[in-house]
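The next block holds one structure in the form of structure tokens; read it before the comments.
Quick note: numbers below take in every heavy atom, side chains included, and nothing from hydrogens, waters or symmetry partners.
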Amino acid sequence: MKPVAVHLVAGARPNFMKIAPLFHALAREDWCRPAIVHTGQHYDANMSDAFFRDLRLPEPHFRLGAGSGTHAEQTAAVMIGYERLAADERPDWVIVVGDVNSTAACAMVAAKLWIPVIHLEAGLRSGDRRMPEEINRLVTDAICDVLWTPSPDADENLAREGVPAAKIDRVGNIMLDSFEMLRATIAAGGTRAAFGLQPGGYGVVTLHRPSNVDRREDLEPLVAQLAAVARELPLVFPVHPRTRQQLAAFGLLAALPGVLITEPLGYTQFMNLVCDARAVITDSGGVQEESTYLGIPCLTLRENTERPITVTSGTNRLVRTAELYERVCDALAGRWPTGRRPELWDGQTAGRCVAALRRRAAA
Ligand code: UD1
Ligand code: UDP
């Protein structure tokens with residue numbers, strides 16, 4: 001029998017941690033032939049290549065080279081590139097992950113070519129359509145054939161939107177498979193020590209949401225709060241390229257005394273820092289999940305989250321910019337919930353995806 005050809009689509013930093021465990025698991029199967037499609041949404045070495053190395057992925061089998069642009073430009077560039085490739089290759093299945101522009105773009109292409117498409121990390125909703133990712137989630141889930149969800153809230157969101165239960169498989173949280181795959185390497189890494197930090201003696205910051213960094217009136221008070229926090233707790237801040245551009249444009253790069261500013265870090269380097277952190281300050285989706293998994297206080301600088309289970313079960317709390325300093329003091333004083341790991345966040349999600357795909361491919 002001809003092996004089932006599967007395209008795994010990845011474009012931006014968080015996508016790589018989501019395709020890696022699945023690629024490795026599918027590559028071990030004799031009935032299936034996975035290939036990685038890199039859309040090129042992220043392209044700097046420290047936003048892309050470093051992750052292929054860390055996650056032990058081969059070179060992408062296909063590169064679309066879409067690059068940056070406005071939402072329409074970027075989405076269109078991915079669609080044009082992927083339409084050509086998918087029409088030529090006609091994979092049996094396409095798997096898209098997460099909620100970035102590459103996700104929605106490739107889902108649309110596959111659906112219109114009548115190639116069955118699966119969304120891994122389906123069903124998450126912030127309820128906030130001002131977030132570009134929320135639009136990508138709604139579009140992707142509406143047109144995918146199969147929806148692989150991480151948590152019960154995601155199943156409930158899909159049911160409310162009228163998605164038949166037969167299209168949904170609850171598989172769990174795939175990102176944590178990457179963590180478990182690399183746990184020993186992460187623990188053995190020397191990033192924290194190289195920065196001269198003590199276990200439990202520092203915080204980690206990541207920021208890249210347009211709602212925090214694109215406008216001076218949002219970013220300037222946030223920088224002031226971080227500077228205040230850094231007087232109580234040393235902070236390490238690997239700066240996302242979007243954020244670096246904005247900090248530079250507003251002349252704020254020098255306004256962070258006590259904050260150790262670095263380039264974006266590779267996955268194992270970054271997680272080595274997170275594992276020993278006293279707290280994490282972030283607006284990242286993935287970091288909310290990783291900190292809940294590790295039981296580390298997470299202060300999320302957003303009005304809402306598409307990952308409510310990290311708040312209801314985990315160590316995540318939504319925090320307004322103006323209260324950041326105060327809330328970090330709460331965490332330092334131990335006034336923070338301990339939380340527990342959600343069900344199926346266990347490092348075994350890729351195996352459940354393989355079993356679900358095999359069942360569906362044979363149907
Ligand atoms: C994108 C995703 C966001 C995700 C984030 C993960 C969308 C709509 N946004 O946001 O959901 O949380 O990735 O990090 O898909 N740039 C570089 N080098 C790169 C990549 C980007 O310098 O390798 C700069 C470019 O100037 C670019 C800007 O960063 O215009 C933003 O990149 P883009 O991919 O459009 O959005 P992100 O903010 O990275
Ligand atoms: N991450 C990383 N290096 C960094 C910052 C983040 O490896 O300097 C990892 C982090 O551990 C998580 C993922 O990137 O696995 C989250 O990506 P990001 O915050 O860019 O996107 P989001 O999850 O918000 O879409």
task = For the pair Asp153 and Arg307, evaluate salt bridge (charged side-chain N to carboxylate O under 4.0 Å, His left out) and give the outcome as yes or no after the intermediate values.
result = CA-CA 9 Å; Asp153 56 289; Arg307 293 159 162 91; over 6 Å; no
request  = Determine, stepwise, if the pair Ser284 / Arg13 fulfils side chain to side chain donor-acceptor pair (under 3.5 Å).
outcome  = CA-CA 11 Å; Ser284 158; Arg13 176 167 69 184; over 6 Å; no
key: Heavy-atom pair with the smallest gap, counting every atom of Ala20 and Leu55   = CB-CB, 3.7 Å
ask   = Is the backbone of Thr268 close enough, under 3.5 Å, to the side chain of Asp54 for a donor and an acceptor to pair up by distance?
value = yes
ask   = Can you find a heavy atom in the side chain of Glu289 that is under 4.5 Å from one in the side chain of Phe179?
value = no
task = Examine His42 together with Phe16 and report whether their ring centres are nearer than 6.0 Å.
result = no
query = Under 3.5 Å, side chain of Gln225 to main-chain N/O of Ala322, donor-acceptor pair present?
reply = yes
ask   = Can you tell me how far CG of Asn15 sits from CG of Leu8, rounded to the nearest 0.5 angstrom?
value = 11.0 Å
key: Short side-chain to backbone donor-acceptor contact, Asn173 and Met175, under 3.5 Å   = yes
inquiry  = For a quick test of reading the model, state the closest non-hydrogen atom pair linking Pro257 to Ala230 and the distance between them.
reply    = O-CB, 3.8 Å
message = I need the Ile95 CD1 to Lys18 NZ distance, nearest 0.5 Å.
response = 14.5 Å
task = Verify the neighbour count for atom CD of Glu343: are there more than 12 heavy atoms of other residues, nucleotides or ligands below 6.0 Å?
result = no
ask   = Can you tell me if Asn316 uses its side chain to pair, donor with acceptor, with the backbone of Val311 under 3.5 Å?
value = no
request  = Kindly determine whether Asp141 and Lys167 satisfy salt bridge (charged side-chain N to carboxylate O under 4.0 Å, His left out), including the steps that lead there.
outcome  = CA-CA 10 Å; Asp141 287 345; Lys167 288 174 81 170; over 6 Å; no
note = Rounded to the nearest 0.5 angstrom, the CG-CD1 distance for Asp128 and Ile135 is 9.0 Å
request  = State plainly whether the residues Arg244 and Glu263 are in salt-bridge range, i.e. N to O under 4.0 Å.
outcome  = yes
query = Looking at side-chain heavy atoms only, is the closest gap between Val117 and Ile143 below 4.5 Å?
reply = no
query = Taking the side chain from His61 and the backbone from Ile36, do they hold a donor-acceptor pair closer than 3.5 Å?
reply = yes
ask   = Does the side chain to side chain contact (heavy atoms under 4.5 Å, CB included) test come out yes or no for Glu326 and Val319, once each step is laid out?
value = CA-CA 10 Å; Glu326 241 174 274; Val319 169; over 6 Å; no
query = Does some side-chain heavy atom of Val205 sit less than 4.5 Å from a side-chain heavy atom of Val229?
reply = no
query = Got Leu252 and Glu220 here, is their nearest side-chain heavy-atom distance under 4.5 Å?
reply = yes
task = Work out which heavy atom in Val109 is nearest to a heavy atom in Glu83; give both atom names and the distance.
result = CG1-CA, 3.5 Å
task = Indicate yes or no for a side-chain donor-acceptor contact from Arg125 to the backbone of Gly127 under 3.5 Å, with no hydrogens or angles considered.
result = no
key: Closest contact, heavy atoms only, Arg335 versus Cys329   = NH2-O, 4.2 Å
query = Can you check whether Thr300's main-chain N or O pairs, donor with acceptor, with Thr282's side chain at less than 3.5 Å?
reply = no
query = Just wondering, are more than 12 heavy atoms of other shown residues or ligands nearer than 6.0 Å to CZ in Phe52?
reply = yes
key: Full working for salt bridge (charged side-chain N to carboxylate O under 4.0 Å, His left out) between Arg359 and Asp169   = CA-CA 11 Å; Arg359 202 177 56 243; Asp169 300 315; 3.2 Å; yes
query = What is the distance from atom CD of Gln246 to atom CG of Asn212, rounded to the nearest 0.5 Å?
reply = 11.5 Å
request  = Let me see the working for Glu133 and Arg209 under salt bridge (charged side-chain N to carboxylate O under 4.0 Å, His left out), right down to the final yes or no.
outcome  = CA-CA 10 Å; Glu133 294 81 1; Arg209 294 283 158 217; 2.8 Å; yes
request  = Can you establish whether the number of heavy atoms outside Glu161 located under 6.0 Å from its atom CD is more than 12?
outcome  = yes
key: Contact summary for Phe195 and Thr262, nearest pair of heavy atoms   = CZ-CG2, 3.4 Å
task = Answer yes or no: is there a donor N or O on one side and an acceptor on the other, between the side chain of Trp148 and the main chain of Val97, under 3.5 Å?
result = no
inquiry  = Within the structure provided, determine whether Arg278 and Leu233 are in side-chain contact (heavy-atom separation under 4.5 Å).
reply    = yes
task = Would you check if Val274 and Met271 make a side-chain contact, meaning some heavy-atom pair closer than 4.5 Å?
result = yes
message = So, taking the atom named OG1 in Thr310 and the one named CD in Gln288, what distance separates them when rounded to the nearest 0.5 Å?
response = 5.0 Å
query = Is a side-chain N or O of Asn101 found less than 3.5 angstrom from the main chain of Gln74, in a donor-acceptor match?
reply = no
inquiry  = Can you confirm whether more than 12 heavy atoms, excluding those of Arg130, are under 6.0 Å from its CZ atom?
reply    = no
message = Within this structure, what is the CG-OG1 distance for the pair Leu299 and Thr315, rounded to the nearest 0.5 Å?
response = 9.5 Å
query = Can you tell me if CZ on Arg33 sees more than 12 non-hydrogen neighbours from other groups inside 6.0 Å?
reply = no
Student check: side-chain heavy atoms of Trp345 and Ile309 closer than 4.5 Å = yes
request  = Please find out if less than 6.0 Å separates the ring center of Phe62 from that of His7.
outcome  = yes
key: Qualifying residue, where the test is side chain to side chain contact (heavy atoms under 4.5 Å, CB included) with Tyr82 and the options are Leu113, Thr39, Val37   = Val37
task = Applying side chain to side chain donor-acceptor pair (under 3.5 Å), run through Thr103 and Asn136 and close with a yes or a no.
result = CA-CA 7 Å; Thr103 312; Asn136 291 337; over 6 Å; no
remark   = Heavy-atom closest pair (Gly123 atom, Asn157 atom, distance to 0.1 Å) is O-ND2, 2.8 Å
query = Is a side-chain N or O of Thr349 found less than 3.5 angstrom from the main chain of Val171, in a donor-acceptor match?
reply = yes
request  = Check step by step if side chain to side chain contact (heavy atoms under 4.5 Å, CB included) holds for Leu57 and His24.
outcome  = CA-CA 8 Å; Leu57 288 170; His24 292 305; 4.0 Å; yes
